[in-house]
Protein chains: 2
Amino acid sequence: MAKADHIPAPAIRRLSLYLRQLETFDGNKRRTVSSRVLGQALGLTDAQVRKDLAYFGQFGHPGIGYRVPELIQRVRRILGTDKKAKVLLVGAGNLGRALISYRGFGKRGFDIVAVFDNDRSKVGKETPPPNSVRIRGLDDLSAVVRSHGIRVGILAVPADAAQGVADVMVGAGIRGILNFAPVTLHVGPEVGVASVDLAVQLEQLAFQVSVLTP
Amino acid sequence: MAKADHIPAPAIRRLSLYLRQLETFDGNKRRTVSSRVLGQALGLTDAQVRKDLAYFGQFGHPGIGYRVPELIQRVRRILGTDKKAKVLLVGAGNLGRALISYRGFGKRGFDIVAVFDNDRSKVGKETPPPNSVRIRGLDDLSAVVRSHGIRVGILAVPADAAQGVADVMVGAGIRGILNFAPVTLHVGPEVGVASVDLAVQLEQLAFQVSVLTP
DNA sequence: CTATGTGAACAGCTTCACAGCG
DNA sequence: CGCTGTGAAGCTGTTCACATAG
């Protein structure tokens, strides 16, 4: 996988949305879809859809549109989700436990295979089924990453612990971190970070509401 | 609040991050901060910080920087989070319950005051403390929105129920929806939507990893 | 001398509009 | 015809660089 350069970051973000919508269409037994229909479902223009997909190759069929199963395959390939991926999680608090039992990850090819927490009282316990996993101490993280070949980790610890844990993860060889802690993580350029700050999302809504409703 | 026009959407998103970082600085008893220092903490350039803040007014002091407590006040005012806001939540599944007990919302001025679910076996039960709330049926939603004057709701229901519930929320007068369901919601222009698709976030990381690690 | 606010230059993303293919 | 793929145009957001204030 050599390119990714000169492809707009927003286009890459939308690629996931295309995939999600295509899977819905596929579930409805739709065989082909035009850029216009796909765009409408996501609130985008047809030109946007065509341009985004064209960054990655020529997937469409003039006069027909895009064949749904074919495009799904291709997009999965591009995103690197054509194979199941093992993921670890640090932080077995409320949010962490909810993420462990979240079925959406499995549906999209992600498998949380190891859970870590620094709280002695939690270490050794099993998380509730489904996805029952034994909680390990942080000391084991490095060994588990190596033995399972894990590349991506979810960080669901309190803000003041987040950077420290991130350092441990990176040191163990993790290359992508999904960060739920409300802090900006500082990592090297070889590591990707995606952050979800739940309160920030609400704040954005509060702003929109205060603008929309004077 | 009349403007918001011609202000870049990314600038508005960053405003929340500025506030978060400023609160951290404030906790560390820092009195003033320059655009360079604030930017470094968030991985942004000093020019970006100055331009973003300048969209909303003149908050800085040449030669000094920005006074932390003053800027916090101003940014909160802009975001509409200077007053506590009541929020409702629909969907008392794993994710929903985790959100109810998430302390980050309260810290940033949001209060989940009502919880709804369509599952008869859940209705009437109390959610675990803290933030113990009685779960109500969806039929009560409209009345609760009106009596509490709620403007923002969190949607944490399965994908296939999401659009229907969103319609109910909008019908009841909700003006902002934080959507955790993996679907694109279609609502009128008078309603703001922020979406968090957890699997999509992981997918983005998978892509970055596959690019960064050939 | 430090640090803001801002017009102007630049870069990046989106939309347009049409040639070309099935 | 219907619909893609794509240069070119248009627009939005970011960076630069400097006048200005303390």
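Proteins come first, then strands; the chains are lettered A, B, ... in the order of their sequence lines, and each starts at number 1.
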Please report, rounded to the nearest Å, how far the [atom2] atom of [N] is from the [atom1] atom of [X].
X: B:Ile64; N: C:dT2; atom1: CD1; atom2: C1'; value: 9 Å
X: B:Asp46; N: D:dT15; atom1: CG; atom2: P; value: 10 Å
X: A:Phe59; N: D:dG5; atom1: CZ; atom2: P; value: 9 Å
X: A:Tyr55; N: D:dG5; atom1: OH; atom2: P; value: 13 Å
X: A:Gln58; N: D:dG7; atom1: CD; atom2: P; value: 11 Å
X: B:Phe56; N: C:dT6; atom1: CZ; atom2: C1'; value: 16 Å
X: B:His61; N: C:dT2; atom1: NE2; atom2: P; value: 19 Å
X: B:Leu38; N: C:dT2; atom1: CG; atom2: P; value: 20 Å

For this session: May I ask you to say what A:Gly60 touches in the nucleic acid, namely base, sugar-phosphate or nothing, with a heavy-atom cut-off under 4.0 Å?
Result: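 Sugar-phosphate, no base atom in range.
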
For this session: Select base, sugar-phosphate, or nothing to describe what B:Ala9 touches, counting heavy atoms under 4.0 Å on all strands.
Result: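 Sugar-phosphate contact only.
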
Residue-phosphate contact under 4.0 Å: [X] side-chain N/O, [N] OP1/OP2:
X: B:Ser35; N: C:dA3; value: no
X: A:Arg50; N: C:dC18; value: no
X: B:Tyr66; N: C:dT2; value: no

For this session: Looking only at side-chain atoms of A:Pro8, point me to the closest of D:dC16, C:dC13, D:dA8.
Result: C:dC13

Problem set entry | Selected nucleotide, minimal atom distance to B:Thr45 side chain, candidates D:dT15, C:dT6, D:dT4 |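 Given the options D:dT15, C:dT6, D:dT4, the side chain of B:Thr45 is closest to D:dT15.
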
Would you say the side-chain atoms of [X] and [Y] include a donor-acceptor pair closer than 3.5 Å?
X: A:Ser142; Y: A:Arg146; answer: yes
X: A:Asn179; Y: A:Ser195; answer: yes
X: A:Ser35; Y: A:Asp46; answer: no
X: B:Ser16; Y: A:Gln204; answer: yes
X: B:Ser210; Y: A:Arg151; answer: no

